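Keep in mind that what you see is a predicted model, and the values were worked out from it rather than measured.
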Amino acid sequence: MIIKDLFKKDITRPIQGVVTIGNENEEQKWQELEEYVCTDEITKSFRTFFRRYRESINNPTEKIGVWITGFFGSGKSHFLKILGYILENEEVAGWEAVKYFEDKIKDQMVLADIRTCAKANNKVVLFNIDSKAKSDSKTRTQAIMDIMLRAFNESVGYCGTSPWVADLERTLDNEGKLQDFISKFEEYSGRNWVQTRAKALLNRDYIIRALVASRDMSEESAKKFIEDQTKNFTNTTEEFAKIVDAYCTKNRTRVIFLMDEVGQFIGDNTQLMLNLQTCVEDLGKFCRGQAWVVVTSQQELKAMIDSTKDKQQDFSKIQGRFDTRLLLSGANADEVIKRRILEKKDIAETPLRALYDANSNKLSQLILFQAKPTWSGYKDADDFKNVYPFVSYQFELLQKVFEAIREHGMSEGRHLSQNERSLLSAFQNSAKKAADLESGILVPFDSFYSTIEEFIDYDIKTVFSNAERRAGLDGFAVRVLRVLFMIKHVKEMPATIDRLATLMVNNINADKATLKNKIFEALQQLEEETLIQKNGEEYDFLTNAEQDVNKQINNSAYNEGEVQRTIFDIIYDKVLESNKYRYEGRYDFGLNRYVDSEIKGSFSQDSITIKVITQFSGMRAETEFQAESVRSNSIVVDLTEGTFIDELIRANKIGTFKRNNSASMSAALTEIMSKKSAELSDRIKRAEDI
């Protein structure tokens with residue numbers, strides 16, 4: 001069968017890789033509700049949230065904060081959005097939102113809580129905080145409150161960009177004169193109020209005339225009012241909480257603020273953290289459970305609080321304000337992908353099981369990570385059927401790749417949340433590329449690079465664009481380079497040739513030995529182009545900055561005397577561990593210890609002479625060694641061959657470069673040299689073992 005014919009759902013259908021907040025059409029809402037997968041983790045989080053929310057309906061409480069933690073790919077933004085759909089319980093494609101979950105959730109108590117919460121009159125204020133923030137928001141101490149107020153105003157029909165205009169609308173609305181004011185404004189200006197209110201000052205004269213006509217104000221009073229509002233309008237968190245409380249009371253409704261990416265917005269800004277704490281505290285105090293605040297963050301609340309300890313701020317209260325904490329680990333990401341992307345047609349299941357049964361032994365050899373830590377191939381025919389044409393290990397490994405890229409600052413911007421594509425997108429994109437191929441193929445791990453490329457840093461992209469233009473590299477070598485980049489900071493996946501071959505298997509009938517030879521040749525090409533570096537049995541992708549450092553290290557001179565002294569230390573202090581030789585357990589003989597012509601310690605005629613000869617001596621022929629042994633009455637050890645000397649020379653060059661640059665290291669170079677110091681130690685240790 002053709003790959004695309006295996007799937008139950010059209011593999012090319014549009015699926016939003018990153019969940020966006022706002023302006024969803026009916027079809028998008030339907031897809032998000034219809035295809036949402038309630039994993040065990042999601043059901044557990046539903047259980048916690050809806051139980052506490054249901055309890056607050058009849059029992060006033062100040063504990064109205066919910067903190068949702070989850071790194072990229074864990075589904076926290078989608079979870080937040082689903083909470084909004086359920087609580088508003090609007091009708092989508094003929095079904096109320098709650099009905100979409102009746103077959104997804106088996107726990108009847110959770111379903112009962114969801115139904116109870118959805119029946120309440122809920123007003124959901126859902127937004128991404130970065131999208132609502134103004135350019136100077138983070139410099140303002142009341143930034144969180146200001147954003148929440150503007151989002152609230154917009155959701156209830158008032159001006160969402162200018163709080164003073166919204167305050168005017170609210171005042172007129174409470175007096176029952178808002179519609180009269182709007183009619184007069186539109187009569188005088190010939191403009192639509194809702195479309196022009198964001199630029200209210202451009203229509204200042206018409207606003208004044210409309211106030212005079214609709215509210216019986218004098219023109220002078222109206223002018224002074226507008227002038228005072230535009231210059232001096234402010235709000236406190238207490239006033240904000242009272243506004244929300246008044247709305248809840250007047251409309252007999254509950255308000256739920258659902259704010260995405262709050263943790264990233266706050267960062268380590270203590271003023272923003274304090275403002276969030278105060279907002280939740282005042283909403284709890286004045287609204288008593290009628291208003292809730294639910295936020296998402298990549299950091300756990302405790303971790304964010306701990307990061308502010310050195311700034312002498314006490315945020316102990318905020319832990320009590322966000323009494324409900326949910327952790328979405330993304331541990332069931334594979335389940336979501338299997339259900340939304342990889343679910344198979346009934347007619348495809350038998351052929352896929354037969355394909356596995358006929359090739360299970362071959363697959364177990366192809367998808368094999370021999371060294372620890374281990375990763376899994378296919379457990380059985382069912383597992384093969386569920387994940388094909390992908391391999392089981394790819395779900396967890398790709399998640400680790402995304403996280404490693406984010407943690408090591410290799411993505412565009414401060415964080416990935418606005419630009420990155422999800423695991424869901426990565427698997428869909430790779431499946432689409434394989435859609436027209438015959439079954440029997442396997443999707444290699446480098447296939448995911450095209451998704452990753454969309455959010456990686458420009459400097460990383462230039463490495464690949466430059467590599468693609470180099471005459472000495474073919475397309476396969478560039479593919480190997482992509483894999484090395486992807487696993488660069490994934491400690492669980494050391495980049496050995498054997499592991500690279502497993503990652504790049506693309507067919508059930510592949511010859512792994514041939515593939516390993518091909519990869520070895522590609523690695524040699526990449527190393528010659530200084531795009532990668534070999535360290536023992538492992539290979540490392542080099543960023544532009546790392547390439548520059550490597551070139552400088554390669555061009556550095558090494559100190560022959562220092563290398564010889566290192567050989568002295570290894571052989572006579574670590575290998576022999578003694579400057580004496582005991583014969584028959586009774587007689588001790590001293591040792592004259594040489595490396596080439598250099599002696600360690602003093603010479604004694606009564607001691608046994610050992611001469612370690614390296615390539616620095618100039619000796620090569622066996623007859624030369626024999627002659628030297630007779631001439632100096634010594635034991636001659638031939639160490640002119642072997643890779644240990646190359647390891648020590650490289651280590652010495654690293655040490656020399658580090659000393660020469662220690663006084664003027666930038667932060668970026670310091671980070672690179674930290675890794676180089678570890679490499680230096682590794683090379684000396686390998687020289688000892690050899």
Q.
Please find the pair of heavy atoms, one from Ala495 and one from Leu484, that lie closest to each other, and give the distance.
A. CB-CD2, 3.6 Å
Q: With sequence neighbours left out, write down each residue that passes side chain to side chain contact (heavy atoms under 4.5 Å, CB included) with Glu529, or none if nothing qualifies.
A: Arg470, Leu473, Leu531
Q: Would you indicate whether Glu562, at its atom CD, is surrounded by more than 12 heavy atoms from other residues, nucleotides or ligands within a distance under 6.0 Å?
A: yes
Q. Are Phe485 and Ile405 close enough that some pair of their side-chain heavy atoms sits under 4.5 Å apart?
A. yes
Q. According to the interplanar angle, ranging from 0 to 90°, do the rings of Phe464 and Phe541 count as parallel (below 30°), tilted (30 to 60°) or perpendicular (above 60°)?
A. parallel
Q. Say you draw a straight line from CZ of Arg650 to CZ of Arg686; how long is it, rounded to the nearest 0.5 Å?
A. 11.0 Å
Q.
Looking at Asn652 and Leu648, would you say the former's side chain and the latter's main chain have a donor-acceptor pair under 3.5 Å?
A. no
Q. Using 4.0 Å as the upper bound for N to carboxylate O, is an ion pair formed by Asp334 and Lys338?
A. yes
Q. Do the non-hydrogen side-chain atoms of Arg593 and Thr609 ever get within less than 4.5 Å of each other?
A. no
Q. Can you check whether Val595 reaches Ile613 side chain to side chain, under 4.5 Å on heavy atoms?
A. no
Q) So, Glu624 and Arg620, do they make that salt bridge, N to O below 4.0 Å? A) no
Q) So does Lys362 have more than 12 non-hydrogen atoms from other groups sitting under 6.0 Å from NZ? A) yes
(Q) Counting only heavy atoms from other residues, nucleotides and ligands, does the tally under 6.0 Å from CD of Glu453 exceed 12? (A) yes
Q. What's the spacing between Ser629 OG and Asp638 CG if we round to 0.5 Å?
A. 12.0 Å
Q. Is there a donor-acceptor pair closer than 3.5 Å between any side-chain N or O of Ser634 and the backbone N or O of Val636?
A. no
Q. If only atom types and distance count, is the side chain of Glu261 paired as donor or acceptor with the main-chain N or O of Asn128 below 3.5 Å?
A. no
Q: Would you indicate whether Glu671, at its atom CD, is surrounded by more than 12 heavy atoms from other residues, nucleotides or ligands within a distance under 6.0 Å?
A: no
Q) With no hydrogens and no angle check, is any side-chain donor or acceptor of Glu41 less than 3.5 Å from a backbone partner on Ser329? A) yes
Q: Could you tell me whether Arg406 and Glu403 have a side-chain N and a carboxylate O separated by less than 4.0 Å?
A: yes
Q: Give me the one residue out of Lys433, Arg479, Arg482 that meets salt bridge (Lys or Arg N to Asp or Glu O under 4.0 Å) with Asp446.
A: Arg479
Q: Identify the heavy atoms of Ala687 and Ile570 that sit nearest to each other, and give their distance.
A: CB-CD1, 4.4 Å
Q) Is the distance between the ring centroids of Tyr378 and Phe390 under 6.0 Å? A) no
**Q.** Contact check, side chains of Thr614 and Ile567, non-hydrogen atoms, under 4.5 Å
**A.** yes
Q. Is any side-chain N of the basic residue among Asp260 and Lys76 closer than 4.0 Å to the acidic one's carboxylate O?
A. no
Q: Look at the rings of Phe445 and Phe448 and say which category their plane angle falls in: under 30° parallel, 30 to 60° tilted, over 60° perpendicular.
A: perpendicular
Q.
Just verifying a value: how many Å separate Leu669 CG and Ser674 OG, rounded to the nearest 0.5 Å?
A. 11.0 Å
Q: Decide if atom CG of Asp588 counts as having more than 12 heavy atoms of other residues, nucleotides or ligands within a radius under 6.0 Å.
A: yes
Q) Any donor-acceptor pair under 3.5 Å linking the side chain of Ser430 with the backbone of Phe427? A) no
Q) Does a side-chain heavy-atom distance below 4.5 Å link Val612 with Tyr594? A) no
Q) When you look at Thr451 and Asn429, which way does the side-chain hydrogen bond (donor to acceptor under 3.5 Å, both in side chains) test go after all the steps? A) CA-CA 7 Å; Thr451 299; Asn429 290 343; 3.1 Å; yes
Q) Side-chain donor-acceptor pair under 3.5 Å between Thr462 and Asn544, yes or no? A) yes
Q. Between Tyr393 and Phe369, does the ring centre distance come in under 6.0 Å?
A. yes
Q) Considering residues, nucleotides and ligands other than Phe603, do more than 12 of their heavy atoms fall under 6.0 Å from its CZ? A) yes
Q: Locate the shortest heavy-atom distance separating Val480 from Ala522; write the atom from each residue and the value.
A: CG2-CB, 4.0 Å
Q) Side chains of Val391 and Val505: does their closest heavy-atom pair fall under 4.5 Å? A) no
Q) Taking side chain as C-beta onward, heavy atoms only, is Thr69 less than 4.5 Å from Leu328? A) no
**Q.** Exam field: side chain Lys653 to backbone Asn554, donor-acceptor pair closer than 3.5 Å
**A.** yes
**Q.** Qualifying residue, where the test is side chain to side chain contact (heavy atoms under 4.5 Å, CB included) with Met493 and the options are Leu500, Thr502, Leu397, Val483
**A.** Leu397
Q. For the atom pair CD1 (Ile649) and OG1 (Thr656), what is the distance rounded to the nearest 0.5 Å?
A. 11.5 Å
(Q) Is it the case that over 12 heavy atoms from other parts of the model lie below 6.0 angstrom from the NZ atom of Lys512? (A) yes
Q. For Gln533 and Glu679, what are the C-alpha separation, side-chain angles and deciding distance, and is it a side-chain hydrogen bond (donor to acceptor under 3.5 Å, both in side chains)?
A. CA-CA 11 Å; Gln533 174 188 319; Glu679 180 190 333; 2.6 Å; yes
Q. Can you tell me how far the CD1 atom of Ile519 sits from the CG atom of Leu523, to the nearest 0.5 Å?
A. 7.0 Å
Q. Mind checking whether Ile129 and Val295 have side chains closer than 4.5 Å, heavy atoms only?
A. no
(Q) Donor-acceptor pair, distance only, cut-off 3.5 Å: does the side chain of Asn535 make one with the backbone of Glu538? (A) no
(Q) Using every non-hydrogen atom in the two residues, find where Gly472 and Gln525 come nearest and quote the distance to one decimal. (A) O-OE1, 3.3 Å
Q) Under the 3.5 angstrom rule, does the side chain of Asn359 hit a backbone N or O of Ile508 as a donor-acceptor pair? A) no
Q. Is Arg683 paired with Asp646 through a side-chain N to carboxylate O contact shorter than 4.0 Å?
A. no
Q) Taking atom types as modelled and ignoring hydrogens, do the side chains of Asp596 and Gln564 form a donor-acceptor contact shorter than 3.5 angstrom? A) yes
Q. Out of curiosity, Ile553 CD1 to Glu546 CD, how far, rounded to the nearest 0.5 Å?
A. 10.5 Å
(Q) Could you check whether Asp569 pairs with Lys574 (Lys NZ or Arg NE/NH1/NH2 to Asp/Glu carboxylate O, under 4.0 Å)? (A) no
Q) If you measure from the Lys or Arg side-chain nitrogens to the Asp or Glu carboxylate oxygens, is any gap between Glu300 and Arg325 under 4.0 Å? A) no
(Q) On a heavy-atom basis, which atom in Ala434 and which in Val443 lie closest, and how many Å separate them? (A) CB-CG2, 4.4 Å
Q) Is a donor on one side and an acceptor on the other found under 3.5 Å between the side chain of Trp375 and the backbone of Ser392? A) no
